[in-house]
Amino acid sequence: MCDGARSGPLPASGESSFAPLLPPATTLRILSDGRAGHEAQTLGIAEALGLTPDIRRVAPRKFYDWIAPFGPPDPQDAPAFAPPYPDIAIAAGRRTIPALRRLKRDSGGATFTVYVNRPATGPGTADLIVAPRHDRLSAPNVISALTPANRVTPERLARARAAPDPRIAALPRPRAAMLIGSAEGVVYDLDFIASYLLAAGESVMATPSRRTPPEISRMLCGALSAPGGYFWGGEGENPYLSMLANADRIIVTGDSVNMVGEAVATGAPVHVIEPFVTRRKLRAYLAALEKAGAIRIWSGPFDDWTYKPINSTPTIARGVAEAFRRFAA
């Protein structure tokens, strides 16, 4: 089914596999702009801390959206910075910054604030900044990680392998998963790659994101209507985690830092389809993962190799916990 609601990869389901890093009574609020990639990072950190978050979403109106992150929060987003004030607040996305700063002020400084990704407002945006290493942001309150935080834990992958989604289990091995971001300016036609893999005897399963253009989804879905193909077009539960867990290889468009980061958490060979024009920061990110042996920039062949799965989430969570304990003390 090629039509239907296009959505970003849904967060992995299931309980956290991490031992609590902070007392269970510690209260944590997530400020969200509703974007799947941002929520995946903040939820990944919350779960790795062993805490259940209170998620509050902001949707600033046009004027407040336009001046974010430098202006005040939209008054209609007041629940995001309303009492009772949490011990910790984690935010991601420029639209959340005004509410995060207001929460810090209104709490009298009592709330420990964490911002995920590089803020345009600088390191003083929050008590702690979790910025990707390729952003090259350096300050005493900055944690730099190779990959973004995510919810793809070894335990969740193991459960998805033991009980795969029936639509994925029906595909014979070897299986290739295609994770599609905006696909803006990608070097190769994705439907050609899917047909090539099918002709080589591999099953191919693919999922688009909210940013994937409809015409690319339609072409890819058409190619995967052949035997051995599966395209998730929005029908039923998103099998994203099952695709990741049960893929023998993963092909991902290089425009999505989050998708690439989730792919390398599996240990499966990851082939990245680069855009024609790659931003400097994105090129640095991909180069670091290539040096670590997790990815290869695709240029024709599909190789097989092994590497230790890469997931920065536990390291990020430990850094947040340590910084919060110092703050609380």
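Source: prediction; values computed, not measured.
Classified by interplanar angle (parallel below 30°, tilted 30° to 60°, perpendicular above 60°), the ring pair His271/Phe302 is perpendicular.
The list of side chain to side chain donor-acceptor pair (under 3.5 Å) pairs with a residue in residues 122-133, not counting sequence neighbours, reads Lys104-Asp127, Thr113-Asp127, Thr121-Thr125. Applying the side chain to side chain donor-acceptor pair (under 3.5 Å) test to residues at least two apart or on different chains, the pairs with a partner in residues 315-329 are Thr315-Arg318.
With 3.5 Å as the limit, one finds no donor-acceptor pair spanning the side chains of Thr26 and Asp87. At a cut-off of 3.5 Å, with distance as the only test, no side-chain donor of Asn150 or Asn258 sits close to an acceptor on the other residue.
In this structure the side chain of Thr313 never reaches within 4.5 angstrom of the side chain of Val152, judged on heavy atoms. Leu197 is listed as a side-chain neighbour of Ile251, based on a closest heavy-atom distance under 4.5 Å.
Residues passing the ring-ring contact (aromatic ring centres under 6.0 Å, His included) test with Phe327, sequence neighbours excluded: Phe112. Pro75 meets the side chain to side chain contact (heavy atoms under 4.5 Å, CB included) test with Arg61, Tyr64; sequence neighbours excluded.
Here the shortest heavy-atom pairing between Asn141 and Ala126 reads ND2-O, 3.2 Å.
When atom types are taken as modelled, the side chain of Arg151 and the backbone of Leu43 share no donor-acceptor pair closer than 3.5 angstrom. With hydrogens and angles ignored, the 3.5 Å screen pairs no side-chain donor or acceptor of Asp191 with any backbone N or O of Met219. Looking at Tyr115, its side chain does come within 3.5 Å of a backbone N or O of Gly93 through a donor-acceptor pair. Between the Thr147 side chain and the Ser312 main chain, a donor and an acceptor come within less than 3.5 Å of each other. Between the side chain of Thr207 and the backbone N or O of Tyr240 there is no donor-acceptor pair closer than 3.5 Å. Judged by distance alone, with hydrogens and angles left aside, the side-chain atoms of Trp305 form a donor-acceptor pair with the main-chain N or O of Gly293 at under 3.5 Å.
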Inset, instruction - Carefully, step by step, assess Leu157 and Arg161 under the rule side-chain contact (heavy atoms from CB on, under 4.5 Å). - result: CA-CA 6 Å; Leu157 290 170; Arg161 287 169 184 144; 3.9 Å; yes
Inset, instruction - Show your reasoning for whether side-chain contact (heavy atoms from CB on, under 4.5 Å) applies to Phe324 and Leu49. - result: CA-CA 11 Å; Phe324 172 69; Leu49 289 170; over 6 Å; no
Legend entry - side-chain contact (heavy atoms from CB on, under 4.5 Å) between Arg29 and Ile88, intermediate numbers included: CA-CA 6 Å; Arg29 181 179 300 178; Ile88 303 172; over 6 Å; no
Inset, instruction - Starting from the C-alpha separation in whole Å, work towards a yes-or-no answer on side-chain contact (heavy atoms from CB on, under 4.5 Å) for Ile143 and Ile129. - result: CA-CA 6 Å; Ile143 294 175; Ile129 307 294; over 6 Å; no
Side chains of residues 220-230: which donor-acceptor pairs under 3.5 Å do they make with residues two or more places apart or in other chains?
from   : atom 1 : to     : atom 2 : distance (Å)
Ser225 : OG     : Gly222 : O      : 2.6
Tyr230 : OH     : Arg167 : NH1    : 3.2

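Counting side-chain heavy-atom gaps under 4.5 Å among Ile, Leu, Val, Met, Phe, Trp and Tyr, the cluster of Leu103 also holds Phe81, Tyr85.
The residues Glu47 and Arg156 are annotated as salt-bridged, a charged nitrogen and a carboxylate oxygen being separated by less than 4.0 angstrom. Taking a cutoff of 4.0 Å between a charged side-chain nitrogen and a carboxylate oxygen, Asp33 and Arg57 do not qualify as a salt bridge. Note on Glu202 versus Arg173: no salt bridge recorded, every NZ/NE/NH1/NH2 to OD/OE distance being 4.0 Å or above. The pair Asp65-Arg94 counts as a salt bridge, with a side-chain nitrogen and a carboxylate oxygen less than 4.0 angstrom apart.
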